[in-house]
Amino acid sequence: MNLLEEDQSTDLEQIVGLSRRGFISAGALCGAAMFLGGGLLSRSALASSISAGTSQLLGFDSIAAATADSISLPPGYRSAVLISWGQPLQANGPAFDSSGNGSADAQEVQFGDNNDGMSLFAFPDDPNRALMAINNEYTNYRYLYPHGGQPTSAQEVRKAQASEGVSVIEIQRKGDAWQFVQGSPFNRRIHGNTPIRLGGPAAGHALLKTRADNTGTRALGTFQNCANGKTPWGTYLTCEENFTDCFGSSDPAQAFDPAQKRYGVVAASKEIDWHLHDPRFDIAVNPNELNRHGWVVEIDPFDPQSVPVKRTALGRFKHENAALAETLDGRAVVYMGDDERGEFIYKFISRDKIDHKNPKANHDLLDQGTLYVARFDAGDKNPDRPRGQGQWIELSHGKNGLDSSSGFANQAEVLIHARLAASAVGATRMDRPEWIVVSPKDGQVYCTLTNNVKRGEDGQPAGGPNPREKNVYGQILRWKERNNDHAAAAFDWDLFVVAGNPVVHAKTPKGGSANITPHNMFNSPDGMGFDDAGRLWILTDGDASNAGDFAGMGNNQMLCADPASGEIRRFMVGPVGCEVTGISFSPDYKTLFVGIQHPGENGGSTFPEHLPNGKPRSSVMAISREDGGIVGA
Ligand code: FEO
Ligand code: CA
Ligand code: CA
């Protein structure tokens with residue numbers, strides 16, 4: 001699917017060549033005046049200013065789209081591999097076996113597959129040392145096994161489970177380069193069979209009890225770990241996303257209850273097939289095991305012996321990431337998206353205040369608090385970048401109709417079935433909420449709504465922050481909490497950018513908002529990260545066919561935006577078939593770490609080693625400037 005035909009590359013060259021000469025499509029230039037930031041710019045003036053590159057915040061020129069099996073960067077930048085799938089974490093650990101014959105035991109002590117969200121934790125007493133906690137979201141059987149197909153044994157399933165979860169690694173700066181430290185006592189794997197505690201209001205509930213754990217508090221494993229969060233008290237949050245895909249049923253006539261259906265479990269397990277060789281994942285045998293996944297898990301990276309904890313107070317859904325903020329009175333806030341078509345955006349507020357003086361005192365802060373879900377109004381229907389207002393609706397048992405009459409006997413059931421509770425209170429169905437980030441400059445919250453080809457069907461009318469039917473490009477939503485307080489019950493929203501293709505589609509809405517041009521167009525924004533200067537980095541997981549609606553966009557990529565002016569420039573293009581996901585920075589912001597996930601997902605890549613007949617390997621890349629400056633400045 002990601003292999004490119006030559007005539008498509010030719011199209012790309014033509015488009016990129018035209019854009020270099022300053023070509024702006026008629027559609028990008030026509031249209032009404034629009035607001036951006038505090039100023040009023042005509043659409044044509046904005047397009048010209050973006051073409052010329054007026055942002056003082058962005059210190060590089062937008063690079064061309066590309067279809068190569070390599071990393072493209074602006075002049076003066078370089079990239080190096082920090083770590084790749086299969087790298088042994090311990091001294092004398094088993095080496096990566098590119099044949100696929102490596103064992104499950106070996107994978108349990110190697111860097112996991114398909115790295116995704118990650119956070120960096122600096123050592124307080126040494127600026128040249130840090131830990132990184134890095135998610136390993138899933139695996140690709142094409143490369144995991146020598147036969148390249150579905151798992152055929154319990155051992156092969158265990159290898160797949162070992163490839164997912166989290167890798168904690170130490171890194172050190174040697175000269176001007178950060179390097180992985182093999183053999184560090186902090187290096188650790190947390191995977192699909194690691195003991196994990198369940199904490200918070202749902203822990204111990206009957207729906208979490210299984211034959212193997214009659215307490216409902218001792219789970220095994222975390223998997224499908226998408227993106228992440230970092231708490232102010234120095235712990236890592238890993239988010240369990242497509243967990244239902246790992247479950248199936250040995251009973252072909254399996255009847256699913258409404259909650260199981262809503263979470264999307266199917267008897268055939270979306271071709272992951274763990275249930276065929278591991279009864280823990282067989283709904284016919286262990287129905288409650290499903291309820292023990294779909295949570296946010298907290299990990300202390302500095303204590304390799306610590307038991308990770310699933311924080312049930314944050315609700316159970318297909319978690320993308322967890323963005324931390326703080327209320328004006330000092331409580332912790334966690335913003336979260338549920339990445340499925342038509343699912344919701346949530347906010348958790350802790351009951352107690354953060355103890356900044358004693359980080360360890362916050363160890364169970366995320367076990368007590370209140371969960372909310374977002375409802376958006378229809379907005380002003382501005383065709384370029386609409387704006388409007390919204391509310392947070394509390395998901396607490398006994399409030400807003402959440403009680404036994406609506407199917408929720410207690411708060412544990414509200415949390416375990418958070419999707420059902422959010423529907424019951426009338427939350428707004430969104431275009432697949434992916435990452436959420438909070439600006440370090442003004443506290444505004446940004447959320448990628450990656451795409452939704454079903455918008456306009458199934459009770460999901462277009463409107464408000466989801467303005468387009470059959471939305472293949474995605475948009476980035478932004479909101480400001482009332483009184484600049486993350487505890488607020490209401491907020492004001494706008495769309496920061498509506499992605500589109502102004503070359504293929506001369507007119508909005510498919511041409512995108514005015515800050516999309518032939519120079520920077522992309523589709524399916526997914527990951528995001530702010531640096532301390534307030535640059536917004538945008539990572540894509542979209543259609544890399546470079547054809548049709550996506551002609552001229554090339555491979556998946558990373559862009560950088562100036563939140564004040566709305567200008568967006570393309571900074572990096574990834575290799576063939578990859579998704580760009582996971583972002584973190586060194587403490588001095590002179591190195592940007594970015595994840596290249598599933599290069600060659602469907603073949604056609606040998607990234608990053610480019611060995612003859614070699615396999616592609618997901619990798620964390622370290623991006624830096626040849627002159628040692630701050631990345632992006
Ligand atoms: Fe794992 Fe929604 O991305
Ligand atoms: Ca994602
Ligand atoms: Ca995605």
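What you see is a predicted model, and the numbers here were worked out from it, not measured in a lab.
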Can any side-chain N or O of [X] pair as donor or acceptor with the backbone N or O of [Y] at less than 3.5 Å?
{"X": "Asn187", "Y": "Gln90", "value": "no"}
{"X": "Gln444", "Y": "Arg478", "value": "no"}
{"X": "His275", "Y": "Cys246", "value": "no"}
{"X": "Ser306", "Y": "Asp303", "value": "yes"}
{"X": "Thr244", "Y": "Asn242", "value": "no"}
{"X": "Asn135", "Y": "Cys226", "value": "yes"}
{"X": "Asp213", "Y": "Thr217", "value": "yes"}
{"X": "Asn410", "Y": "Glu413", "value": "yes"}
{"X": "Thr540", "Y": "Gln557", "value": "yes"}
{"X": "Glu164", "Y": "Gln224", "value": "yes"}

Query raised in the report: Looking at Phe121, does the NZ or CZ of Lys230 lie under 6.0 angstrom from its six-membered ring centre and within 45 degrees of the ring axis?
Result: yes

Regarding [X] and [Y], do their side chains bring together a donor and an acceptor under 3.5 Å, going by distance alone?
{"X": "Arg432", "Y": "Asn451", "value": "yes"}
{"X": "Asp113", "Y": "Ser163", "value": "no"}
{"X": "Trp85", "Y": "Gln107", "value": "yes"}
{"X": "Glu434", "Y": "Thr448", "value": "no"}
{"X": "Ser153", "Y": "Gln155", "value": "no"}
{"X": "Asp116", "Y": "Gln597", "value": "yes"}
{"X": "Thr238", "Y": "Asn225", "value": "yes"}
{"X": "Ser103", "Y": "Asp105", "value": "no"}
{"X": "Trp435", "Y": "Glu320", "value": "yes"}
{"X": "Asp541", "Y": "Ser524", "value": "no"}
{"X": "Thr581", "Y": "Asp526", "value": "no"}
{"X": "Asn321", "Y": "Asn228", "value": "no"}
{"X": "Asp543", "Y": "Tyr473", "value": "no"}
{"X": "Gln161", "Y": "Asn193", "value": "yes"}
{"X": "Gln475", "Y": "Asn471", "value": "yes"}
{"X": "Glu241", "Y": "His319", "value": "no"}
{"X": "Ser250", "Y": "Asp282", "value": "yes"}

Within the structure provided, determine whether [X] and [Y] are in side-chain contact (heavy-atom separation under 4.5 Å).
{"X": "Leu276", "Y": "Pro151", "value": "no"}
{"X": "Asp355", "Y": "Trp233", "value": "no"}
{"X": "Ser584", "Y": "Met132", "value": "yes"}
{"X": "Leu371", "Y": "Lys347", "value": "no"}
{"X": "Gln110", "Y": "Leu89", "value": "no"}
{"X": "Ile134", "Y": "Ile169", "value": "yes"}
{"X": "Thr370", "Y": "Ser396", "value": "yes"}
{"X": "Thr312", "Y": "Leu198", "value": "yes"}

Qualifying residues under salt bridge (Lys or Arg N to Asp or Glu O under 4.0 Å), relative to [X], sequence neighbours excluded:
{"X": "Glu343", "answer": "Arg262, Arg419"}
{"X": "Asp273", "answer": "none"}
{"X": "Lys270", "answer": "Asp245"}

**Report entry** Steps toward salt bridge (Lys or Arg N to Asp or Glu O under 4.0 Å) verdict (Asp431, Arg455)
**Finding:** CA-CA 7 Å; Asp431 286 348; Arg455 178 63 64 185; 2.7 Å; yes

Sub-6.0 Å ring centroid separation between [X] and [Y]:
{"X": "Tyr446", "Y": "Phe530", "value": "yes"}
{"X": "Trp392", "Y": "Tyr372", "value": "no"}
{"X": "Tyr263", "Y": "Phe317", "value": "no"}
{"X": "His293", "Y": "Phe223", "value": "yes"}

Query raised in the report: Under the salt bridge (Lys or Arg N to Asp or Glu O under 4.0 Å) criterion, do Lys159 and Glu156 qualify, and how do the steps go?
Result: CA-CA 5 Å; Lys159 184 179 182 186; Glu156 286 193 345; over 6 Å; no

**Report entry** Point-to-point distance, once rounded to the nearest 0.5 Å, from CZ of Phe180 to CD1 of Ile83
**Finding:** 4.0 Å

Report task. May I have the step-by-step check of side-chain hydrogen bond (donor to acceptor under 3.5 Å, both in side chains) for Asn466 and Gln460, ending in yes or no? Result -> CA-CA 9 Å; Asn466 310 285; Gln460 299 181 59; over 6 Å; no

Heavy-atom pair with the smallest gap, counting every atom of [X] and [Y]:
{"X": "Trp295", "Y": "Ala202", "value": "CH2-CB, 4.3 Å"}
{"X": "Asn556", "Y": "Gly542", "value": "OD1-N, 2.7 Å"}
{"X": "Ala325", "Y": "Val438", "value": "CB-CG2, 4.3 Å"}
{"X": "Ala122", "Y": "Phe302", "value": "O-CZ, 3.8 Å"}
{"X": "Pro433", "Y": "Asp338", "value": "CD-O, 3.2 Å"}

Requested in this report: Could you give me the CA-CA distance, side-chain angles and deciding distance for Arg158 and Glu108, then say whether salt bridge (Lys or Arg N to Asp or Glu O under 4.0 Å) is met?
Outcome: CA-CA 9 Å; Arg158 197 163 73 78; Glu108 284 187 358; 2.8 Å; yes

Query raised in the report: Only one of Leu365, Asp352, Ile349 forms a side chain to side chain contact (heavy atoms under 4.5 Å, CB included) with Arg331, so which one is it?
Result: Ile349

Requested in this report: Please state whether the rings of Trp479 and Phe491 are parallel, tilted or perpendicular, taking 30° and 60° as the class boundaries.
Outcome: tilted

Query - Residue from Arg351, Arg311, Lys310 passing salt bridge (Lys or Arg N to Asp or Glu O under 4.0 Å) with Asp367 - result: Arg311

